[in-house]
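One-based numbering along the sequence shown.
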Amino acid sequence: QVQLVETGGGSVQAGGSLRLSCAVSGYSECVAWFRQAPGKEREGVASTSTDGSVIVYDDSVKGRFTISQDNSKHTVYLQMNSVSPEDTAMYYCAADARPLGCGVFVFRGSGFVPTYWGQGTQVTVSS
C-alpha cells in the first residue's frame with residue numbers, strides 16, 4: 001500500500017513560481033504529477049522513476065516545470081516556474097509499483113493510470 005500527501009498548492013500570479021511536494025510512503029516504481037482543471041480531463045504532467053533514471057514531461061510544461069525527489073525525505077517535488085492561468089488546476093500526486101516504464105503515465109492516450117493517488121492540492125494562477 002502506498003500513501004501520498006500533497007502540499008504546497010496556493011495562489012500565484014502569472015509568471016510566478018510554486019513548488020508542490022508529495023510525501024510518499026510505501027514502495028513504488030514511479031511517481032507522477034497529474035492535474036485536472038474544471039471541465040477538462042485529467043492529464044499527466046510529469047513522471048519520474050523512483051531511482052531518478054527516467055523523467056518524462058508533458059509538452060505543455062516542458063521547460064517550465066521540474067520534477068525531482070529527495071529520497072532521504074521520501075518526497076517528490078514539482079517545481080512550477082513561469083506559470084500561466086492555463087496551469088490553474090487541482091494537482092495530484094500518484095504512484096505505481098508496476099514495472100511499466102514511468103512515461104506511460106504522461107503519454108496521452110496510453111490508458112495507464114497509477115494505482116495510488118493523493119488527495120490533491122489546488123493551484124490557482126491569476127493574470
Side-chain angles (χ1 to χ4, degrees):
Q1 188 76 9
V2 178
Q3 293 184 325
L4 307 116
V5 178
E6 304 99 330
T7 55
S11 298
V12 62
Q13 288 192 328
S17 297
L18 205 61
R19 188 176 80 160
L20 307 182
S21 300
C22 174
V24 183
S25 64
Y27 173 78
S28 61
E29 287 282 335
C30 304
V31 177
W33 285 96
F34 286 74
R35 66 184 179 187
Q36 186 166 22
K40 294 188 177 181
E41 291 187 357
R42 183 177 58 194
E43 60 181 10
V45 297
S47 180
T48 180
S49 57
T50 50
D51 67 1
S53 63
V54 176
I55 292 179
V56 181
Y57 296 98
D58 184 74
D59 286 346
S60 64
V61 305
K62 202 172 292 183
R64 300 188 300 121
F65 291 10
T66 302
I67 189 170
S68 63
Q69 57 191 311
D70 184 337
N71 289 331
S72 67
K73 297 181 179 179
H74 306 290
T75 300
V76 176
Y77 303 99
L78 185 68
Q79 178 67 43
M80 306 167 59
N81 297 330
S82 302
V83 296
S84 72
E86 288 68 37
D87 296 316
T88 294
M90 183 71 81
Y91 283 73
Y92 297 92
C93 179
D96 202 282
R98 295 171 290 174
L100 294 173
C102 300
V104 298
F105 301 124
V106 174
F107 299 148
R108 300 190 187 187
S110 74
F112 289 98
V113 178
T115 304
Y116 305 101
W117 292 80
Q119 82 287 352
T121 186
Q122 177 68 38
V123 172
T124 302
V125 183
S126 58
S127 57

**Student:** Indicate yes or no for a side-chain donor-acceptor contact from Ser47 to the backbone of Val106 under 3.5 Å, with no hydrogens or angles considered.
**Tutor:** no
**Student:** State, to 0.1 Å, how close Cys102 and Ser49 come at their nearest heavy-atom pair, and which atoms those are.
**Tutor:** SG-CA, 3.5 Å
**Student:** Could you pull out the closest heavy-atom pair between Val2 and Gly26, with the gap in Å?
**Tutor:** CG2-C, 4.1 Å
**Student:** Hey, any chance Leu78 and Leu18 share a hydrophobic cluster, counting ILVMFWY side chains that come within less than 4.5 Å of each other, even indirectly?
**Tutor:** yes
**Student:** Following the transitive rule for hydrophobic clusters with a side-chain heavy-atom cut-off under 4.5 Å over Ile, Leu, Val, Met, Phe, Trp and Tyr, establish whether Tyr57 and Leu20 coincide in one cluster.
**Tutor:** yes
**Student:** Can you hop from Ile55 to Met80 via hydrophobic side chains spaced under 4.5 Å?
**Tutor:** yes
**Student:** Mind checking side chain to side chain contact (heavy atoms under 4.5 Å, CB included) for Arg64 and listing every partner two or more places apart, or none if nothing turns up?
**Tutor:** Val61, Ser82, Asp87
**Student:** Of all residues at least two apart in sequence or in a different chain, which pass the ring-ring contact (aromatic ring centres under 6.0 Å, His included) check with Phe105?
**Tutor:** none
**Student:** If you draw a 6.0 Å radius around CD in Gln119, do more than 12 non-hydrogen atoms from other residues or ligands fall strictly inside?
**Tutor:** yes
**Student:** Please give me the minimum heavy-atom distance between Cys93 and Val31, naming the atom from each residue.
**Tutor:** SG-CG1, 3.7 Å
**Student:** Is Val76 close to Ile67 at the side-chain level, that is, under 4.5 Å between some pair of heavy atoms?
**Tutor:** yes
**Student:** Looking only at non-hydrogen atoms, find the nearest pair between Ala37 and Ala89 and report the distance.
**Tutor:** N-CB, 3.8 Å
**Student:** What pairs of residues pass the salt bridge (Lys or Arg N to Asp or Glu O under 4.0 Å) test when at least one of them lies in residues 103-127, not counting sequence neighbours?
**Tutor:** Glu43-Arg108, Asp58-Arg108
**Student:** Can you tell me how far CD of Glu6 sits from OG1 of Thr75, rounded to the nearest 0.5 angstrom?
**Tutor:** 12.0 Å
**Student:** Quick check on Gln122: does its CD atom have over 12 non-hydrogen neighbours (other residues, nucleotides or ligands) under 6.0 Å away?
**Tutor:** yes
**Student:** For the residue pair Trp117 and Phe34, establish whether any side-chain heavy-atom pair is separated by less than 4.5 Å.
**Tutor:** yes
**Student:** Search all heavy atoms of Gln79 against all heavy atoms of Ser17 and return the closest pair with its distance.
**Tutor:** NE2-CB, 3.9 Å
**Student:** Of all residues at least two apart in sequence or in a different chain, which pass the side chain to side chain donor-acceptor pair (under 3.5 Å) check with Glu29?
**Tutor:** Tyr27
**Student:** Verify the cluster assignment for Leu4 and Val123: are they in a single hydrophobic cluster under the rule of side-chain heavy atoms below 4.5 Å apart?
**Tutor:** yes
**Student:** So, taking the atom named OG in Ser126 and the one named CD in Gln13, what distance separates them when rounded to the nearest 0.5 Å?
**Tutor:** 5.0 Å
**Student:** Is there a donor-acceptor pair closer than 3.5 Å between any side-chain N or O of Thr50 and the backbone N or O of Ser28?
**Tutor:** yes
**Student:** Considering only residues two or more places apart or on different chains, which pairs with a residue in residues 89-101 satisfy side-chain hydrogen bond (donor to acceptor under 3.5 Å, both in side chains)?
**Tutor:** Arg35-Tyr91, Asp96-Arg98, Asp96-Thr115
**Student:** Answer with yes or no whether the hydrophobic clustering places Trp33 together with Tyr116; edges join I, L, V, M, F, W, Y residues whose side-chain heavy atoms lie under 4.5 Å apart.
**Tutor:** yes
**Student:** For residues 68-85, pull every pair meeting salt bridge (Lys or Arg N to Asp or Glu O under 4.0 Å), keeping only residues two or more places apart or in separate chains.
**Tutor:** none
